[in-house]
Amino acid sequence: KLLDPLHVEKDVLIPQIMRDRAKELCSDKVQAFTKCCQETGILMVVKCRQENTALKDCLVGYYSDPSFYEECKAEYLKQREEYRATGIKKKRQKFTPNV
């Protein structure tokens, strides 16, 4: 069975952009969790709970934000429009928040 293109966009492609951007926006927590895991090895499940919780809270905060979804959807639609016009798929650029 072929996948419906709209299903793939809504359930795969847009969420991928959301994950990538959320990881960039939560990069301090990603780094803290990674550092903790590297330092504690096999005990990371126990020792890195605080870092893991902070990271999950940050990511879920973005995943559950309707305006963040709309931003990512707009980014996807822009990429799709550029691809359709040029036939060239662009590599994802690092997201830099407007600070």
Side-chain angles (χ1 to χ4, degrees):
K1 177 183 174 193
L2 291 175
L3 290 174
D4 172 25
L6 294 177
H7 161 78
V8 173
E9 290 176 346
K10 185 167 103 32
D11 297 341
V12 179
L13 299 173
I14 295 170
Q16 181 61 51
I17 290 172
M18 291 178 74
R19 281 190 298 277
D20 293 346
R21 285 189 56 193
K23 280 183 195 169
E24 291 166 9
L25 293 168
C26 297
S27 65
D28 56 330
K29 292 168 184 60
V30 171
Q31 289 172 356
F33 180 66
T34 302
K35 183 174 185 245
C36 180
C37 290
Q38 290 170 340
E39 290 173 355
T40 57
I42 200 150
L43 296 174
M44 70 183 168
V45 174
V46 176
K47 299 252 183 192
C48 300
R49 278 192 187 140
Q50 188 175 349
E51 291 83 352
N52 188 32
T53 299
L55 174 57
K56 277 199 280 189
D57 289 348
C58 184
L59 295 173
V60 169
Y62 285 108
Y63 298 157
S64 59
D65 180 355
S67 65
F68 184 69
Y69 175 84
E70 290 302 320
E71 282 178 39
C72 293
K73 179 178 162 185
E75 181 180 331
Y76 169 74
L77 292 173
K78 182 179 173 208
Q79 289 174 2
R80 184 181 74 179
E81 182 181 337
E82 289 174 9
Y83 173 75
R84 287 180 176 175
T86 64
I88 300 169
K89 183 171 174 58
K90 289 191 174 183
K91 291 192 177 203
R92 263 204 32 82
Q93 297 176 338
K94 282 268 187 203
F95 171 73
T96 50
N98 298 333
V99 180

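In what follows, every heavy atom counts, from backbone to side chain, and hydrogens, waters and symmetry copies are set aside.
For the atom pair CG of Asn52 and CZ of Arg49, the computed distance is 9.5 Å after rounding to the nearest 0.5 Å. To the nearest 0.5 Å, the span separating SG on Cys72 from CG on Asp20 amounts to 9.0 Å. Between the CD atom in Glu39 and the NZ atom in Lys47 there is a gap of 11.0 Å [rounded to 0.5 Å]. Note that the OG1 atom of Thr34 and the CE atom of Met44 stand 10.5 Å from one another [nearest 0.5 Å]. The distance from atom CG of Leu13 to atom CD of Gln16, rounded to the nearest 0.5 Å, is 8.5 Å. With rounding to the nearest 0.5 Å, the separation of CD in Glu81 from OG1 in Thr86 is 10.5 Å.
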Review point. Can you list the steps and then say if Glu9 with Tyr76 is a side-chain contact (heavy atoms from CB on, under 4.5 Å)?
Key: CA-CA 9 Å; Glu9 290 176 346; Tyr76 169 74; 2.9 Å; yes

Review point. Which is it for Cys48 and Cys36 under the disulfide (SG to SG under 2.5 Å) test, yes or no, and what are the steps along the way?
Key: CA-CA 6 Å; Cys48 300; Cys36 180; 2.0 Å; yes

Review point. Run the side-chain contact (heavy atoms from CB on, under 4.5 Å) check on Tyr62 and Arg19 step by step: do they pass?
Key: CA-CA 9 Å; Tyr62 285 108; Arg19 281 190 298 277; over 6 Å; no

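By the criterion of side-chain heavy atoms lying less than 4.5 angstrom apart, applied directly or through intervening Ile, Leu, Val, Met, Phe, Trp or Tyr residues, Leu25 is not grouped with Leu59; the two fall into different hydrophobic clusters. When hydrophobic clusters are built by joining Ile, Leu, Val, Met, Phe, Trp and Tyr residues whose side-chain heavy atoms come closer than 4.5 Å, directly or via intermediates, Ile14 is grouped together with Val12.
Taken together, the cysteine pair Cys26 and Cys58 places its SG atoms within less than 2.5 Å of each other.
For the pair Phe68 and Arg21, the tightest heavy-atom approach, listed with the atom from each and the gap, is CZ-CB, 3.7 Å.
Atom CD of Glu82 has more than 12 heavy atoms from other residues, nucleotides or ligands within 6.0 Å. Other residues, nucleotides and ligands contribute more than 12 heavy atoms inside 6.0 Å of the OH atom of Tyr63.
For the pair Tyr69 and Met18, the minimum side-chain heavy-atom distance is below 4.5 Å.
Checked options Glu75, Lys73, Glu71; the residue passing with Ile17 is Glu75 (criterion: side chain to side chain contact (heavy atoms under 4.5 Å, CB included)).
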